[in-house]
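Notes for the one structure printed next.
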Amino acid sequence: MFAKKNVGVIMKKFITKNTEQTIELGKKIGSKLLAGDVILLVGDLSAGKTTITKGIGQALGVTKVINSPTFTIVKVYKGQIPLYHLDLYRLDGVNEDFDLEEYFEGDGVAVVEWPTQASELLPKEYIKIELLRLDENEREISLTTVGKKYEGRFDDIC
Ligand SMILES: Nc1ncnc2c1ncn2[C@@H]1O[C@H](COP(=O)(O)OP(=O)(O)O)[C@@H](O)[C@H]1O
Ligand SMILES: [Mg+2]
């Protein structure tokens with residue numbers, strides 16, 4: 001019996017030692033992104049989800065300061081590619097009035113904090129970034145891509 005090959009799933013792991021390094025990693029990832037891409041950010045409070053989003057935003061040409069969208073669910077930032085920064089922390093289950101798909105299929109890059117709050121509404125293909133707090137200033141950051149459209153996209157990031 002052969003194990004089924006998990007096509008399109010690639011994982012890379014990084015360690016960052018301070019806030020600035022996480023922003024830099026966000027910039028490297030952001031420089032590979034295209035309109036319509038979806039990034040899911042997984043990690044506890046203070047893991048660095050908003051911090052890495054700052055770097056992603058810089059790479060997309062966002063000049064405004066990116067901060068946590070917790071009370072608004074979504075913030076839209078202008079850039080060479082627009083950034084849709086979603087925070088689903090306060091989304092109670094599926095809110096039928098709230099159209100997430102317009103952000104996932106839009107002209108921008110969607111970055112989603114607390115994606116598990118809306119698991120059934122997420123696209124089939126996505127980039128997942130998991131952040132784990134190792135100590136006060138150290139984070140383990142894993143990058144996983146699911147789907148053909150992301151295959152090979154981040155191969156040269158280190
Ligand atoms: N290596 C690191 N990477 C990211 N953030 C770090 C790091 N070291 C310390 N921090 C700090 O941890 C906090 C992370 O906050 P934030 O990015 O808002 O987290 P989240 O959005 O996951 O709740 C910030 O205050 C940041 O300066
Ligand atoms: Mg946050």
Side-chain angles (χ1 to χ4, degrees), residues 9-33 35-95 97-104 106 108-123 125-146 150 153-158:
V9 179
I10 298 124
M11 185 155 82
K12 285 201 167 201
K13 264 191 189 174
F14 307 88
I15 301 282
T16 65
K17 304 248 180 227
N18 54 52
T19 304
E20 195 49 46
Q21 286 183 0
T22 297
I23 293 174
E24 284 304 313
L25 178 60
K27 277 201 234 176
K28 288 182 193 170
I29 294 169
S31 71
K32 307 286 182 188
L33 297 175
D37 286 350
V38 176
I39 300 190
L40 310 181
L41 296 181
V42 177
D44 293 339
L45 213 62
S46 284
K49 301 182 295 298
T50 298
T51 301
I52 201 164
T53 306
K54 289 176 195 280
I56 292 170
Q58 282 181 31
L60 299 180
V62 173
T63 52
K64 266 198 174 180
V65 174
I66 293 169
N67 43 42
S68 184
T70 296
F71 295 101
T72 50
I73 300 184
V74 61
K75 277 190 185 171
V76 178
Y77 295 91
K78 283 190 195 133
Q80 274 109 49
I81 303 175
L83 171 67
Y84 309 134
H85 188 193
L86 294 106
D87 189 325
L88 306 184
Y89 192 68
R90 271 156 229 278
L91 191 74
D92 291 321
V94 182
N95 183 339
D97 296 331
F98 192 75
D99 187 10
L100 282 174
E101 275 145 29
E102 78 177 85
Y103 300 108
F104 299 152
V109 164
V111 173
V112 188
E113 299 193 30
W114 302 102
T116 51
Q117 290 281 97
S119 306
E120 51 307 336
L121 299 177
L122 301 173
E125 297 189 314
Y126 55 83
I127 299 156
K128 183 168 74 176
I129 300 175
E130 283 182 272
L131 302 101
L132 184 67
R133 186 184 184 281
L134 299 179
D135 69 26
E136 191 175 347
N137 293 306
E138 211 171 39
R139 302 291 186 273
E140 183 186 272
I141 302 175
S142 328
L143 175 73
T144 304
T145 68
V146 176
Y150 298 114
R153 191 91 73 86
F154 303 102
D155 282 0
D156 61 353
I157 289 186
C158 52

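Counting starts at 1 for both ligands and their atoms, in listed order. This chain uses plain numbering: 1 for the first residue, then up along the sequence.
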For this session: Give a yes-or-no answer on whether the side chains of T144 and E130 include a donor-acceptor pair shorter than 3.5 Å.
Result: no

Problem set entry | Short N/O/S contact of D87 with the Mg ion (ligand 2) (below 2.8 Å) | no

For this session: Verify the distance test for T50 against the Mg ion (ligand 2): any N/O/S atom under 2.8 Å, yes or no.
Result: yes

Exercise. Are any of the N/O atoms in S46 less than 3.5 Å from those in ligand 1?
Worked result: yes

Problem set entry | Enumerated ligand 1 atoms positioned under 4.0 Å from heavy atoms of A47 | 19 (O), 22 (O)

Problem set entry | From the candidates I23, T22, T51, the one that places a heavy atom nearest atom 16 (P) of ligand 1 | T51

Exercise. Between Y89 and W114, how do the two ring planes meet: parallel, tilted or perpendicular, split at 30° and 60°?
Worked result: tilted

Is ligand 1 under 4.0 Å from a heavy atom in the side chain of [X], in the backbone, in both, or in neither?
| X | value |
| --- | --- |
| L41 | neither |
| Q21 | neither |
| N18 | backbone |

Exercise. If you look at every heavy atom in R153 and L33, which pair is closest and at what distance?
Worked result: NH1-CA, 3.8 Å

For this session: Give a yes or no on whether K12 atom NZ has more than 12 heavy-atom contacts from other residues, nucleotides or ligands under 6.0 Å away.
Result: yes

